[in-house]
Structures are given as C-alpha cells and as structure tokens.
Q: 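Encoded as structure tokens, here's the structure I'll be asking about.
From a predicted model like this one, the values you see are computed outputs, not experimental measurements. Values below: all heavy atoms of this structure, side chains included; hydrogens, waters and symmetry mates excluded. Along the sequence shown, the residues carry numbers beginning at 1.
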Amino acid sequence: MTSALFSSSWYRVTDLKPRLRNQARLVRHTYRGQRWHVMQDLASGRVMRFNPAAYQVLALMDGVRTLDDIWRQACLILGDQAPTQDEVLSLLAQLHQANVLLTDKQPDLEEISERGDRLRKAKLWQYLANPLSVKLPLFDPDPMMNALMRWIPAVLWPWILAVWGLIILGGVALAAVHWTDLTHDLTSRVFTSDNLLIMALVYPIVKAFHEFGHAVAIKAVGGRCREVGLMFLVFIPVPYVDATQTVMLPNKWHRVLIGGAGMLAELGLGAMALWLWTQASGGVTQAVLHQIVILAGVTTVVFNANPLLRFDGYYMLSDALEIPNLGQRANQYVAYLAKKHLFRVEARPPLHLTPREPAWLTFYAVGSVIYRTIVTLSIIVLIAGKFFIFGVLLALWSGYGLLIKPLVNYVKFVRHDGSLEGARQRVVTITAAVLLAVGAFISLVPVANWTMAEGIIWMPEESRVRVPSTCFGAKVLAKPGQLVQAGQPLLSCAEPALSAQVEQAQAAVREQEARLALAETTERVSLQIARAELNYQLQRLADLEQRQNNLVVRSSHAGRFDMNAPADFAGSYHERGAVVAYVLDPSRYTLLTVVPQDRVDLVRQHTERVEMRSVERLWHVLQASIVREVPAASAELPSMALALQGGGKIGLNPDASSHQDAPQALEPLFQFEMRFSGDVVPSHLGGRVHVRFAHEPEPLGAQWYRSLRQQFMKHFSV
C-alpha cells in the first residue's frame, strides 16, 4: 500500500455490485519476471494492463458481491499487498472510462451518450492530429485469412519461414555482388520525373505486400486480424492492417515475429525483384524492378526498423524489452523525474519499475522526440519546396503538434495535477526561470560556428606546362619523373612558318636601314618616315624572335617533371595554351574546395581560420589560408572525387549534358583556392580533404535564424 487504507469517498460506492462486460478479454503475461494480466475490449480494441493485486479485485467482480465485500475479501487474500480503497476506486474509474464495467445500478443514458461522443471525437482527433499519417479503415480480412490458413497446414509454416529467410540471404549476397551496378548514378536513376512516377505507382504495391506479411504472421500464431485500410502517409495512400489484438498473445517472440513479418515480406520481395533485375535487359521493366529493390531496402531500414518511430521497430523493441506501452511509460517516467529533481515535489515513481527500465525509458523519451522532430521538419521542407500552399499548411499543422499542443498539455498539467498541490507557484517560477535561461543562452551566448566543406588537393596554375603558341611538338628535353630546376628546358616545339617570318623580318630591317641611310642625305620629312618604319620592323623582328625562343619551353620553378605519353609529343599538333606536362612541387600544392551558396558570405567575411583533414590521415590537422575565390557561382565541380559517385557528398545533376567536360552539381557552388600554411603539407595530388572554416562565435538563435531564412528563400524563391 502506498497511501491511506481507507477513503472518504468509499461510502458512495460501497453497495455497488460490479462485473465486467462479456467483451472484455483477459490473458496472463510475464514481463521481466513479473506476472501481469492484460485486458482488451474487443469492441474498441483498447488494451489495459493490471498487476496481480488489481487482477484479484477483477476476479471477484461477479455482479453478486458488493464492492465492499470484494475489497474486504481481497484484503484477506492479499494481506499486505492488498490495494487501498482509493486504488480500488481508481481501478473502477479506469474500467468505467474503458466502457467494460457493468453494475446493478440503472445506467445513465445521457452519460453513456456523452462518453460515446467523446470516444468518436477522440478517434477523429487522433487521425487529424498527425498530418503525416491519416488512416481510413476499409474491410475485415479475417475470413480471407481463415481460407488461406485452411490451404496451408500449420506444420509447414516453420519451413516456409526458413525458405523465405534463405531467399532474403540470397538477395543480400546478390546485392553485395551487384552493389556498384545498383548504386551507380543513383540520383539520375531514382530522382527523375519518370522514375518518381514509377516509384509512386510501385510504393503502394510494395507496402501491400508488407502488410500482407503482418496478416499472415498473425494468423500463423493464432491471432486475429480484423481491419484493413489505407493510411495516407504524406498524402500517399499506403495499405495497413490493424494488429493491435496481437498484444494479447502471451508469447513475446510471437509478437516480435508479427512485428517483423512485414519487413521480412518486403525484404523477400526486394530479393526476388533484385534477381529479376539482374536478368532483365533494360527498359521500363528493369526500372520498375530497381525501384522495388530501393523501396524494399531503404524504407525497411530507415523507417520500419527504426524503433524511434511508431512503426514495426517500435513494437518489436517494446515486446523484446518486455516494456509494453514503451512510449507512454517513457513520457510518464520523464515527468516523474521532472517532478522530483526539477520541481522538488513529492512524486511517486511509475509502479513496478525494474532496475534496467529507467535507462531505457529515459533514452526512448528523449531520442524519439528528437528523431520525430527531425523527420517531420525534413518532410515539411520536402513538401514545401514542391507545393507551397500544402507546405505552409503542413508546417502549421505539424507546428501545432510539435509546439502548441505540448505547451497546452504542460499548462494543464501545472494547473490540475494533484501532486503539485501547494507547490504550483514554485513550479511556475522554475518553469519561467528555465525558459528564460534557455532563451538567454540561445539568443545571447556565443557558441562555435563553422562551415564544413570538401575539397581536393590540386596544383597551382604555374605547375602546368603550356605551349606558348600554336605549334608542332619537336622533342622532349627532360626525362619524365626527374627533378628539374627553374629555367631548365623541358620541351622544344617547331613552327616552320615562324623561321621564314623571322628571315623575312630580318630582310625588312636591312632594307629599312638602307632607306634610312639614303634619307639622311635627302629632305628631313623622308628621314622621319624612314626612322618610324625602321622602329616598326625592329619591334616586329623582336616579337618574332621572342616567339622563336619560346618554342623551347622552360620550367617556371623547381619540381618533378611529369608528362603523359612523352613518345607521342614529337610531331603532334598543339593549340596555344594547351597543357602538355606538369612540374610538381608538393610545397606549392593548393586545395580547391566548393562552398554552397547559403554559406559563402560566412566563408568570405567571417572566417577566422581554416582547418583541413585528408581522408587518408584524419588525425592530422592541416592549416591553410584562402588565396583566391572564383567570384561567380558555378555548377561545375573541380573533380569527381567531390561527387557522390566519387565518395564525396555533392549530388550531380542527372539532367546535365554528358558532353560537358566537368561534372555538374545539382546546385551552384562557389570555388575557393587555399594554400597550405603549416609545416605539414599533403603529397598526394588529387586526394579528397575535409575542410572546416571556423567563423566568429555566434549565438545559436542567430545561426538558426540565418539557416531558416536561407532555406525559406531557397525553397520559396523570395
């Protein structure tokens, strides 16, 4: 007993003769070594759980004994474990609200009608409160599943499950073998208009197979499936089956199997689609099979198997841990912690907590809120970017569920919770202080601010050896791979017409010198013209001789001479400025990185330092400084190593022309060139590097406002 044995309100109900309705079904479960009794109302599907003391009271409710007789007999049977009168009253109220209690008193028809209206409104509000998941019941599949069970003997089900598991394992092995083909150019093969249409048509079929797996598993272990319908998940119709009655199954592994049956069915479908995909020769059939493989794999791993969302993984975790109503109990336990440690009021912990349950409950309460918020916001951004009106409505709807509704519930809790009696003013003061402290921290306290990007180790412009003019290759004067010095000849080119032009210019100079000598003996006007003409011819000759001297290409700095296919240089034709070789010096290496448009102003104006880590040696920090910026945004990537296909994080534009020289990113990017400033410089040209631009510290509120404003401008083009 946790409170006074007697109740001042007991006299009101002492003569009642209660009993349970016939629709109430009771079964015994064992959770973490403790015996419990689970009751389900077959009419509404509502489930309640009772400990042995409560069950003893329920067992004595036969419609003949009065409530006072029931309580006294329970005290004789249970001794010190007997419930108090207040606890019996609480149990009675719980049964009454669940509509499973009958008494010998005349029922209040008006109260019953009001209760029915409340239940209908609550069910409707349950659908409307979650804009991302609205359910529409259709029909009862139990007769159809009974017919299926008559065709398949129960002895075959373990063998069917084993064979299905082998199909899934075969699909996993096949996916590993064809992983490159499956994921190559994934963006253009999934997120194009044609493939998105195929995905929209295939997705309900895949999910119907998923739900069929649940229904089959329910019948295989002896349960009943009474409802099939459509769930509009982000406005996409998806089939579902109601598996709430499986909570009555006493074997927890049967419940876990039912929770995972949908994922097993989906993975098996994906494995068979993958095998057919490897046999298909292309076209629409192969595209449809590829979408089935992607949907069966991604949605199973990211959504259904994730216990932080109220999908299959949640119920499997709840059953495996033997913590029924995991989400509700987690919220109750966190509320208890807040009462005890934050508000400093007397609070009773949730009943029958085992030593390991508090850690699980705390983790789930915090983790599920964070994960659901991230998923909801991501879906809002996705929808709003495509459909402005729907995006705004969805944002307002979800904002109510994420912010307004919890705040309203908290206000009701502070005003009406009985455990806060006499301490409400302190609770309000603590709440206001916490909110002010959090608000002050978010808006006033500067915290670290940075921009992460990826870059590629590259060479400066002077490392490229270019031909000075249009010419034919003549000879390679330096051996590729050798170290050369500044000014050392590397290549020689030939331009046959240039030699004739030089001889012609020399002859013209001699001619003008003779005319100048003749003009000195004649009139002054002819002398000035002859001198001007001579100067022109001398300048022309100097230019031609300079071009002739430039036909011997020299190194601009010391380094290692590198040239592809040097044997092909002699006799080949080269346009002016063409790159024919390189002189590589690691001390001169630079880094090219790309920054998205929404972060470029921070990088330009508020960067305090730049830190880099190469993907090969993440434990070594490389210091660098910005030396050059391309002033305009461009979709061209400096290297495929920065793209998703090359191991980077930047998606390529699937609609870009294949004839373009450089890969095209989905969004315009700004390029920065940086020079290494520390003692340690990378020696591997073309390697990928993680770049961190450290900015001036800034409050979180300012950072969030900037990000929100930029996302709003980006997606809504305002």
Side-chain angles (χ1 to χ4, degrees), residues 1-13 83-94 96-97 114 118 121-122 125-126 129-130 325-353 357-373 376 396-447 699-702 704-705:
M1 293 183 292
T2 58
S3 60
L5 181 63
F6 299 100
S7 171
S8 59
S9 301
W10 186 254
Y11 71 94
R12 300 177 184 270
V13 295
T84 66
Q85 290 181 348
D86 280 329
E87 290 173 342
V88 173
L89 291 176
S90 176
L91 174 63
L92 213 64
Q94 184 180 358
H96 176 71
Q97 291 297 326
E114 291 178 356
R118 286 197 303 269
K121 291 179 181 179
W125 180 248
Q126 181 181 3
N130 188 356
N325 300 322
L326 176 60
Q328 180 181 357
R329 294 191 65 198
N331 294 335
Q332 293 173 350
Y333 183 72
V334 170
Y336 156 73
L337 293 179
K339 290 179 184 178
K340 180 179 180 181
H341 300 289
L342 182 61
F343 300 139
R344 302 294 182 180
V345 298
E346 285 292 332
R348 290 186 297 175
L351 297 177
H352 307 287
L353 278 178
E357 281 188 358
W360 282 108
L361 297 177
T362 305
F363 165 78
Y364 188 85
V366 176
S368 62
V369 169
I370 295 175
Y371 191 79
R372 285 199 304 270
T373 302
T376 302
L396 294 175
W397 206 343
S398 300
Y400 171 80
L402 292 174
L403 298 175
I404 306 300
K405 185 179 179 181
L407 181 61
V408 171
N409 291 338
Y410 181 77
V411 172
K412 291 180 179 178
F413 160 75
V414 173
R415 293 182 60 184
H416 303 295
D417 191 274
S419 63
L420 303 182
E421 193 66 38
R424 300 191 194 280
Q425 185 62 40
R426 183 168 74 251
V427 171
V428 172
T429 303
I430 293 175
T431 301
V434 170
L435 292 177
L436 287 175
V438 172
F441 176 80
I442 292 175
S443 59
L444 300 177
V445 179
V447 297
L700 287 174
W704 294 344
Y705 171 75

Q: Using the test side chain to side chain donor-acceptor pair (under 3.5 Å), find all partners of R424 that sit at least two apart in sequence or belong to another chain.
A: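 R424: side chain to side chain donor-acceptor pair (under 3.5 Å) contacts with E421.
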Q: Taking all atoms of both residues into account, what is the closest heavy-atom pair of P83 and V88, and its distance?
A: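 Looking at all heavy atoms of both residues, the closest pair is CG-CG2, 3.9 Å.
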Q: Would you name the heavy atoms of G327 and Y364 that are closest together and state the gap between them?
A: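 For G327 versus Y364, the nearest heavy atoms are CA-CE2, 3.7 Å.
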Q: For a quick test of reading the model, state the closest non-hydrogen atom pair linking V345 to A423 and the distance between them.
A: CG1-CB, 3.5 Å
Q: Check this for me: W360, atom CH2, are more than 12 non-hydrogen atoms of other residues, nucleotides or ligands nearer than 6.0 Å?
A: no
Q: Rounded to the nearest 0.5 Å, how far does CD of Q85 lie from CD of E87?
A: 11.0 Å
Q: Tell me which donor-acceptor pairs under 3.5 Å the side chains of residues 425-442 have, and how far apart each pair is, sequence neighbours excluded?
A:
{"residue": "R426", "atom": "NE", "partner": "F343", "partner atom": "O", "Å": "3.2"}
{"residue": "R426", "atom": "NH2", "partner": "F343", "partner atom": "O", "Å": "3.4"}
{"residue": "R426", "atom": "NH2", "partner": "R344", "partner atom": "O", "Å": "3.0"}
{"residue": "T429", "atom": "OG1", "partner": "Q425", "partner atom": "O", "Å": "2.8"}
{"residue": "T431", "atom": "OG1", "partner": "Y410", "partner atom": "OH", "Å": "2.4"}
{"residue": "T431", "atom": "OG1", "partner": "V427", "partner atom": "O", "Å": "2.7"}

Q: In the structure I gave you, are the side-chain heavy atoms of L337 and T362 within less than 4.5 Å of one another anywhere?
A: yes
Q: Could you give the distance from OH (Y705) to OG (S443), rounded to the nearest 0.5 Å?
A: 15.0 Å
Q: Please report the interatomic distance CG(L361) to OH(Y336), rounded to the nearest 0.5 Å.
A: 12.0 Å
Q: For the residue pair Y333 and P358, what are the closest heavy atoms and their distance?
A: OH-CB, 3.2 Å
Q: Within this structure, what is the CG-OG distance for the pair L326 and S368, rounded to the nearest 0.5 Å?
A: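 Nearest 0.5 Å value for the CG-OG distance: 8.0 Å.
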